[in-house]
There are 2 protein chains.
Amino acid sequence: MPRTSERYRDARREYILDAARRAFARNGFHATSMHDLFAEAGLSSGAVYRYFAGKDEVVVAIVEDNIRQIGAMIRAVTEERADGSFGAALAAAVETIQAKHRENGLAGIGVQAWTEALRDPRIGAAFEELLTGLRSELAEVVAHYQRTNTLPPGPSAESLASVTIAILVGYIQQLALLGPDAVADVPDALRALWPSSAVAG
Amino acid sequence: MPRTSERYRDARREYILDAARRAFARNGFHATSMHDLFAEAGLSSGAVYRYFAGKDEVVVAIVEDNIRQIGAMIRAVTEERADGSFGAALAAAVETIQAKHRENGLAGIGVQAWTEALRDPRIGAAFEELLTGLRSELAEVVAHYQRTNTLPPGPSAESLASVTIAILVGYIQQLALLGPDAVADVPDALRALWPSSAVAG
DNA sequence: TAGTCGAAAGAGAACGATCGTTGTCGTTTA
DNA sequence: TAAACGACAACGATCGTTCTCTTTCGACTA
């Protein structure tokens with residue numbers, strides 16, 4: 001018979017993750033020690049280790065959540081805008097990412113997560129799943145724009161989806177490194193590159 | 001009066017950096033210890049520390065070289081192809097990057113460097129310089145394509161340059177994470193997106 | 001309903017391991 | 001032969017983690 005409810009445990013876990021996110025966004029995964037994390041959360045080591053088996057588990061939890069966030073944002077925006085132009089859908093995705101980044105530093109965590117994916121098999125697998133899943137889903141969206149002649153019919157929908165992902169990933173990278181203001185004009189460029197009217201191919 | 005020539009010292013330094021690159025590409029900057037580096041180079045700590053003041057200096061040297069490589073490749077390709085189509089120039093840049101990655105794991109080091117740029121001010125400054133310099137140079141190239149009606153005249157050349165950088169950065173990211181085969185069809189997509197003929201805008 | 005008991009939560013000191021770095025001493029070469 | 005190179009042991013610091021002890025709170029009992 002547990003002393004506390006499951007709701008309490010979940011809330012506590014989330015509280016620790018929030019503190020970890022702040023600390024990690026400030027100094028990076030590796031440069032942030034567990035003691036830094038304890039200080040940021042205002043808790044002792046014993047308290048934190050009751051909810052996470054180790055530092056790796058904290059990192060993985062944060063990265064997996066970050067993956068889920070980014071994936072969900074891209075999916076939501078591109079699908080709901082399937083009737084507008086391709087450029088407008090892309091611009092909307094970018095603007096959503098930017099807004100989220102301003103409030104919780106999404107991009108910084110994301111960039112760090114990509115590097116971690118190269119080393120940690122668990123994170124690597126999660127990213128591969130995100131990217132390949134996103135690619136096939138975006139391929140369907142892209143195919144729609146190919147049929148309506150706003151994207152060239154020549155290349156495969158999958159290859160165009162890869163370019164789409166590249167744009168979003170590269171945008172997040174610049175967002176993290178240069179800040180939101182430096183890339184504020186990207187949405188306009190995307191809308192102009194792929195407007196509603198037909199494009200040569 | 002030094003025991004050896006300056007040429008010897010330079011060669012030795014480069015030898016150590018090559019070993020470090022291999023070790024870092026395999027395990028990442030942080031997960032690779034100096035002892036790992038000594039083993040990879042087949043040298044003692046004393047030998048390495050005679051050429052580098054510390055681990056940070058090794059990392060910075062490798063990252064700065066990586067920045068120089070990527071910047072040079074993008075500049076060379078986009079400038080020499082200024083008479084072809086924008087898509088062809090982009091595809092050529094991507095193919096050059098892919099070839100280099102196959103031979104020395106360029107993309108993996110690059111992705112790690114981006115993360116390090118968030119934390120180390122020296123690396124961060126180098127990257128900001130690369131990105132902003134590249135952006136203004138690419139803006140001139142892009143402006144050329146805007147004048148010849150192969151890119152829409154509406155958006156600023158700088159904003160289109162940011163999108164161009166995003167594509168290249170995002171491509172490198174996918175190259176590192178998914179491997180060359182998974183993104184082999186990207187060049188074709190780029191050529192199809194921006195062919196020689198005029199594009200609506 | 002008040003009191004008691006047991007288990008979970010949390011604090012905090014401390015430990016073992018590892019890492020980056022240094023210092024010493026032999027070796028090599030202009 | 002003097003100075004740089006290089007090997008190697010070892011050091012201090014730091015980090016992730018554990019262990020012990022106290023505190024807290026829900027459940028059961030009278």
Side-chain angles (χ1 to χ4, degrees), chain A residues 1-63 112 115-116 119-120 122-123, chain B residues 1-63 112 115-116 119-120 122-123:
Chain A
M1 48 195 74
R3 188 180 72 97
T4 50
S5 65
E6 188 173 334
R7 169 173 280 109
Y8 175 84
R9 283 190 60 83
D10 287 351
R12 213 68 221 261
R13 210 180 130 94
E14 206 50 50
Y15 171 82
I16 293 172
L17 285 179
D18 278 342
R21 245 184 296 264
R22 288 195 302 274
F24 288 156
R26 203 183 317 122
N27 283 334
F29 291 155
H30 289 94
T32 302
S33 71
M34 288 299 276
H35 292 271
D36 293 338
L37 199 161
F38 304 151
E40 178 73 34
L43 293 174
S44 67
S45 61
V48 172
Y49 273 90
R50 196 161 289 280
Y51 296 91
F52 296 93
K55 187 179 183 180
D56 273 357
E57 195 167 304
V58 178
V59 171
V60 168
I62 287 181
V63 168
Q112 290 185 64
T115 296
E116 217 54 23
R119 206 180 54 81
D120 186 317
R122 192 165 154 194
I123 296 179
Chain B
M1 49 193 72
R3 186 180 75 95
T4 52
S5 65
E6 189 174 332
R7 170 171 280 109
Y8 175 84
R9 282 189 63 81
D10 287 351
R12 211 70 218 262
R13 210 180 130 94
E14 205 51 50
Y15 171 82
I16 294 172
L17 286 180
D18 278 343
R21 244 184 297 265
R22 288 196 300 275
F24 287 156
R26 203 183 316 124
N27 283 334
F29 292 155
H30 289 94
T32 302
S33 71
M34 288 300 275
H35 293 270
D36 293 338
L37 199 162
F38 305 150
E40 177 74 33
L43 293 174
S44 66
S45 62
V48 172
Y49 272 89
R50 198 162 288 278
Y51 297 91
F52 296 93
K55 186 179 183 179
D56 273 357
E57 196 167 304
V58 179
V59 170
V60 169
I62 286 181
V63 168
Q112 290 184 64
T115 296
E116 217 52 25
R119 204 181 53 84
D120 186 317
R122 195 165 151 195
I123 296 179

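To find a chain, count down the sequence lines: A is the first, B the second, and so on, and within it residues start at 1. We use all heavy atoms of the structure for the numbers below, so side chains are in, but hydrogens, waters and symmetry mates are not.
Residue A:Y51 places no side-chain N or O under 4.0 Å from the OP1 or OP2 atom of C:dA8. A sub-4.0 Å separation between OP1 or OP2 of D:dA4 and a side-chain N or O of B:R9 is absent.
Annotation: the span from B:H30 atom NE2 to B:T115 atom OG1 amounts to 9.5 Å, rounded to 0.5 Å. Atom CD1 in B:I16 sits 8.0 Å away from atom CG in B:L37 (nearest 0.5 Å).
Scanning residues 36-45 of chain A for heavy-atom distances under 4.0 Å to DNA chain C yields A:L43, A:S44, A:S45. Shown for residues 25-35 of chain A: residues whose heavy atoms fall under 4.0 angstrom of DNA chain D, namely A:T32, A:S33, A:M34, A:H35.
Regarding B:R50, its CZ atom lies at a distance of 14 Å from the C1' atom of D:dC8, rounded to whole Å. Rounding to whole angstrom units, CZ of residue A:R7 and C1' of C:dA9 are separated by 19 Å. Going from atom CD of A:E57 over to atom P of D:dT18 covers 12 Å, rounded to whole Å. As a whole-Å value, the separation of A:K55 NZ from D:dT14 P is 15 Å. Atom P of nucleotide D:dT20 and atom OH of A:Y49 are separated by 17 Å, given to the nearest angstrom. The OH-P distance, from A:Y8 to D:dT24, rounds to 12 Å in whole Å. Separating the CZ atom of B:F52 from the P atom of D:dG6 is a distance of 13 Å, rounded to the nearest angstrom.
Annotation: of the two residues near DNA chain D, A:A53 and B:A47, the 5′-most nearest-nucleotide partner is B:A47.
In this structure, A:F52 has no ring pair (Phe, Tyr, Trp, His ring centres under 6.0 Å) partners at least two apart in sequence or on a different chain.
Ionic pairing of B:R21 and B:E14 is present here: one or more N-O contacts between side-chain nitrogen and carboxylate oxygen are shorter than 4.0 angstrom. Using a cutoff of 4.0 Å between basic side-chain nitrogens and carboxylate oxygens, A:R13 and A:D10 are not scored as salt-bridged.
Smallest separation of non-hydrogen atoms from A:Y51 and A:E57: O-OE2, 4.2 Å.
A:D18 places no side-chain N or O within 3.5 Å of a backbone atom of A:Y15 that could act as its donor or acceptor partner. In this structure a side-chain-to-backbone donor-acceptor pair under 3.5 Å is present from A:Q112 to A:F24. With hydrogens and angles ignored, the 3.5 Å screen pairs no side-chain donor or acceptor of B:K55 with any backbone N or O of B:S33.
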